[in-house]
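Below, chain A is the first sequence line, B the second, and so on; all start at residue 1. Basis for what follows: all heavy atoms, side chains included, without hydrogens, waters or symmetry-related copies.
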Protein chains: 2
Amino acid sequence: MNAKSNLEFALIGLLKQKPQSGYDLRKTFITTAMRHYSDSPGSIYPALRRLEARGWIAAEAESPHEAADPRKRRAYRLTPAGEASLVRWLEMPVTRNDVIFEGSELMLRFAYMDGNVPRSSALRFLDQFERELSLYIGELRAQLEQMSSKLPAHTGVLAFQSGIEQMEAQIAWAQKARALLGKESS
Amino acid sequence: MNAKSNLEFALIGLLKQKPQSGYDLRKTFITTAMRHYSDSPGSIYPALRRLEARGWIAAEAESPHEAADPRKRRAYRLTPAGEASLVRWLEMPVTRNDVIFEGSELMLRFAYMDGNVPRSSALRFLDQFERELSLYIGELRAQLEQMSSKLPAHTGVLAFQSGIEQMEAQIAWAQKARALLGKESS
DNA sequence: GTGCACATGTAATGTGTTACATGATTAT
DNA sequence: ATAATCATGTAACACATTACATGTGCAC
């Protein structure tokens, strides 16, 4: 039941925007900022099959009778069940685990919120995101203290700091984004 | 010949610091900032076997004659071949592809540089890192212009901006790190 | 009519995840 | 003595990557 891979949600998010073929989706992954999702046919077509088997997407019948020529262009659209699971995914709370391990999934979720969930959900997302991030960053900073008290400023410590600073940038971004979204909804 | 997975290099970097057992390595992944490398026995022990088969690590013989009881603690150390491949990996140039797709591998490499490659290699790393990142960020900003000219400040645009701002944070970090390392070496 | 972009697919391989199994050592 | 922790391992499964296969339609 659960689609755990980001790729599957990346696909259904795009299909929500408009029905497309596997080839169209691949081109999006190759040419746009969604580079991180694999552009290889060996991942996309099987993923579409899984989604179809799960009933989340369906192939548009070109003409109702012809028994699908497998070599012909085949556009998929999101089913109602697919839309429901997209919304469920978008509405999931932001956990500590997410901010530690699933940073890119979180951003994918946020990117897809517009038009699919109410503005208030996006604001809640940002609040939770900032909250969990701040908590985690506190722990990291404590660890950093211990590390740097023992060692001089070696590359290990610097690399660790890089992680912290990236998270700080995310917090700053979240605050900015919330201000923007909050203002607009008034 | 090539170890492509980050896990394998995470392991040999730790083994370079000191010989350890698979269990010790797991604990490091669980309790320290190296959380991102899988802590599950199903990944670590097979990875150690691969590294051993490749001749990069070797099990320390507790006593020379006893034919290894498989249930006994087994500490691994890095072989000369393993050290050589660690250094080769650390000295690899930073490519455009790396900054786009392999951010965490890059930070792992940088973290392991101390004591394994000369300071000048770390400085070169930072230069290349900053260079490739700046070039890529330029492209992303151009894409952002096009996006935001068409759409209002939707969540998609904001998510995109988040990526850019994280990269900007990395550039700022690289500059700071270079200043620090450069000063110290004088 | 030859080459290229379109469009979909399969097979082999490697690896990470989850869950389970095994036994030793230490603590209560 | 029994539970927890130490320590290593295997098996089933899912998934991504790579490389290959297949055929269409258009341009030149």
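Distances from the side chain of Ser21(B) to the nucleotides dT17(C), dT18(D), dT8(D) place dT8(D) closest. With dT17(C), dC6(D), dT15(C) as the choices, the nucleotide that has an atom nearest any side-chain atom of Glu8(B) turns out to be dT15(C). In the set dT8(D), dT17(C), dG9(D), the nucleotide with an atom closest to the side chain of Arg26(B) is dT8(D).
For dT8(D), the OP1/OP2 oxygens have no side-chain nitrogen or oxygen of Tyr23(B) closer than 4.0 Å. For the OP1/OP2 pair of dG14(C) and a distance below 4.0 Å, the side-chain nitrogens and oxygens of Arg50(B) include no atom meeting the criterion. Taking 4.0 angstrom as the limit, Ser38(B) places none of its side-chain polar atoms (N or O) nearer than this to OP1 or OP2 of dG16(C). Distances shorter than 4.0 Å separate none of the side-chain N or O atoms of Arg74(A) from OP1 or OP2 on dA7(C). OP1 and OP2 of dG9(C) both lie 4.0 Å or more from every side-chain N or O belonging to Tyr45(A).
Under the side-chain contact (heavy atoms from CB on, under 4.5 Å) test applied with Val94(A), the options Arg124(A), Arg131(A), Arg109(A) reduce to a single match, Arg109(A).
Side-chain contact between Met167(A) and Ile164(A) is absent, with no heavy-atom pair separated by less than 4.5 Å.
Residue whose closest nucleotide on DNA chain D sits further toward the 5' end, between Ile44(A) and Asp24(B): Asp24(B).
The backbone N or O of Gly55(B) sits less than 3.5 Å from a side-chain atom of Thr79(B), completing a donor-acceptor pair.
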